[in-house]
Each structure stands twice: as structure tokens, then as C-alpha cells.
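Accompanying notes for the structure given below.
First listed ligand is number 1; within each ligand, the first listed atom is number 1. All heavy atoms count here, side chains included; hydrogens, waters and symmetry mates do not.
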Amino acid sequence: MPAPLNAVVTGSTSGIGLGIATAFAETGMNVMLNGFGDADEIEAVHAGLEEKHGVTVRYNGADMTKPAEIRALMKDAESAFGQVDILVNNAGIQHVVKIEEFPDEKFDAIIAINLVSAFHTTKAVMAGMKSRGYGRIINIASAHGLVASPFKSAYVAAKHGIVGMTKTVALEGAEFGVTANAICPGYVKTPLVEKQIPATAKERGISEEEVINNVMLGSQPTKKFVEVAEIGALACFLCTEGAASITGTALPIDGGWVAH
Ligand code: NAD
């Protein structure tokens, strides 16, 4: 039996990251969880995945704004599993307000968590992946890595940035069996999106219901939120040999949003 693959998923205590970590565990991968949250809830997720799927799951609560903690997380994963084969840069936050009122520290935090942290994690794994001839780097960008919306200056800047970095990493890994791709989801109903409904209503001067129906689902021709499990399934496929030639891409999974 081939050795199981070992994955690090940043921001995997909630939403999309948790969905990807769950999908990975279901396919037999060992997973390093990361992110904030209630310690008992995180422990329950951790133990549940191990018990249900017979894989090794670890947790490290590194703060993605802190490079030293990020490096320690990656070392922790290497000591736990021996090597890191798959890296998913998923941790992210959002803030919705017009640029003239955008708090400096929020802008910096969004760039740090949604973009710069992926530089530090990728830097830590690239040499090992290249030397072993297999690696998968999956960056959770967004439809906002391809198009913009008002009141999301930091987020759109970070997501366009990570789409660019994905292409460079893909070029550097191409001859070594290391692929790098950005997944670009549309709206997925996670805590990150729930929080921006009232903020978007305020900025646009419309009701929360109008935000959901006209702004969010209005962007998506399917008129449906994207499901976390759909993103997990795509991430799993990108880890297979069948996806070996898919690299440097920004893959929308957005109900048709960027086809407009
Ligand atoms: P979420 O709020 O449910 O989860 C975010 C995760 O990141 C959590 O585990 C949280 O603890 C973690 N996190 C936040 N700050 C952190 C920090 N400083 N250090 C470590 N971990 C931190 O959000 P989500 O919707 O699942 O978002 C996950 C990713 O998907 C983000 O990068 C987001 O931009 C992207 N995305 C989300 C949507 C959507 O509609 N929900 C759409 C496109 C892209």
C-alpha cells in the first residue's frame, strides 16, 4: 500500500478549510489543522476525523499574521508526518467598507493573512516537494482574484496577488512534479460570508435580504451558494495524478459568476 499523503490546510477550523481537511481525511490523507476557535470544538473535530477515517490529524494554532509561528507550524507538520506533500493556503478574513474609511490595520491584516502567509508556508515546503518529485500547492483565492467588487479593496488586492503568486510557484515547480493552482470560489455560506451581509447592506444602503438575493446570488447565474463539499472535491482532484498537468491556473468554482 502506498504511504498516505500528508497535508497542511491553513484556516481549517471553519468553513472551506474544514471542508477541504474533511475531504482529504476521507481520501486517507493525514492532515495538519490550523486556525482559531474554541479549543473543545477543535479537539472534537480533530478526534472525529481520526476516528472516522483512521488517519493522523494534528492541530497547530499558528497565527497567520506571524511569520515565526507560520514557520513553526510547517516544522510541526514535518515532524508529525515526516514530510508535507500537499499545502492548502486557505486562511482568510474579509472587511467590507469604502476605501476612504478602510482602517489601515485591517488592510494590513487582510494582506498578511490572505496573501503573505502563503509566501511563508510555500517557502517552507517547496524544496522538499521538489526533491521528492511530487507536491501540490492549492491556494484558496476567490472570484475576487479575477474580478472586483466595491468596498473590498484589501481582499481584492490580496486575492489578485495570490493568483499571481500561484503562477510563479507553478513555473518554479513545473519540472519537479510540483503543481500550484488557485481555486476561485464564488459565494459560499460560511461565517466569513455571514459576517459581510450586514456590512454590505450598510455600505450599499439596501436590506440584508437584498444583499443575499441581489448582490451575492445576483452574481451567480446558478442562484445558489457554492457548497464547501464542492471545493473539497476539487481540491482532492488536484492532488491526483490525473491533475498532474493542471498547474498555474485560477479555477473558478462560482456558479458562472466570472462568465458574465
Ligand atoms: P471562515 O471564516 O469560515 O474560515 C476562516 C478560517 O481562517 C478559520 O479557520 C479561521 O480561524 C482562520 N483564520 C482567520 N484568521 C486567521 C489567522 N490570523 N491565523 C490563522 N487562521 C486564521 O471563512 P471561509 O469562508 O471558509 O474562508 C476560507 C477561505 O476561502 C478564505 O481565504 C476566503 O477568502 C476564501 N473564500 C471564501 C469565500 C466564501 O464565500 N466564503 C469565497 C471565496 C473565497
Side-chain angles (χ1 to χ4, degrees), residues 8-23 31-39 41-42 45-46 59-74 76 87-96 105-106 108-118 120-121 138-149 152 154-163 165-166 182-197 200 211-212 215-217 219-220 222 224-232 234-235 250-255 257-258:
V8 173
V9 185
T10 70
S12 45
T13 52
S14 169
I16 293 171
L18 179 55
I20 292 173
T22 304
V31 187
M32 173 64 80
L33 301 171
N34 157 262
F36 299 150
D38 177 79
E41 277 177 30
I42 294 171
V45 167
H46 175 163
Y59 167 72
N60 179 305
D63 181 341
M64 289 293 124
T65 63
K66 305 212 163 93
E69 291 189 22
I70 299 170
R71 285 190 284 273
L73 158 73
M74 301 313 290
D76 195 9
L87 167 65
V88 181
N89 291 306
N90 166 80
I93 59 167
Q94 172 64 289
H95 193 71
V96 179
E105 60 286 358
K106 267 287 178 217
D108 290 347
I110 289 175
I111 299 296
I113 298 167
N114 298 25
L115 174 60
V116 180
S117 72
H120 294 294
T121 52
I138 301 173
N139 294 323
I140 306 305
S142 168
H144 283 118
L146 302 168
V147 295
S149 294
K152 297 184 176 177
Y155 190 83
V156 169
K159 295 301 186 182
H160 275 67
I162 203 159
V163 166
M165 191 166 73
T166 305
I183 294 182
C184 298
Y187 286 102
V188 189
K189 210 140 187 270
T190 65
L192 180 143
V193 158
E194 305 268 8
K195 274 185 248 158
Q196 64 182 278
I197 295 170
T200 303
V211 170
I212 295 172
V215 179
M216 295 180 165
L217 300 183
S219 305
Q220 301 188 172
T222 50
K224 283 196 287 204
F225 283 101
V226 177
E227 296 294 327
V228 160
E230 296 171 307
I231 301 172
L234 177 56
L251 292 163
I253 174 161
D254 65 358
W257 175 349
V258 303

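- Here Ser142 pairs with nothing under the side-chain hydrogen bond (donor to acceptor under 3.5 Å, both in side chains) rule; sequence neighbours left out.
- Taking both residues in full, the closest heavy atoms of Val9 and Gly17 are given as CG1-O, 3.7 Å, listed atom of the first, atom of the second, then distance.
- For Ile42, the side chain to side chain contact (heavy atoms under 4.5 Å, CB included) test picks out Thr13, Tyr59, with sequence neighbours left out.
- Residues with a heavy atom under 4.0 Å from ligand 1: Gly11, Ser12, Thr13, Ser14, Gly15, Ile16, Asn34, Gly35, Phe36, Ala62, Asp63, Met64, Asn90, Ala91, Gly92, Ile93, Ile113, Ile140, Ala141, Ser142, Tyr155, Lys159, Pro185, Gly186, Tyr187, Val188, Thr190, Pro191, Leu192, Val193.
- A side chain to side chain donor-acceptor pair (under 3.5 Å) check over residues 184-193, counting only residues at least two apart or in different chains, returns the pairs Lys152-Tyr187.
- Leu87 contributes atom CG, which lies 7.0 Å from atom OG1 of Thr10 (distance to the nearest 0.5 angstrom).
- Residue Trp257 holds its CH2 atom at 11.5 Å from OG1 of Thr222, rounded to the nearest 0.5 Å.
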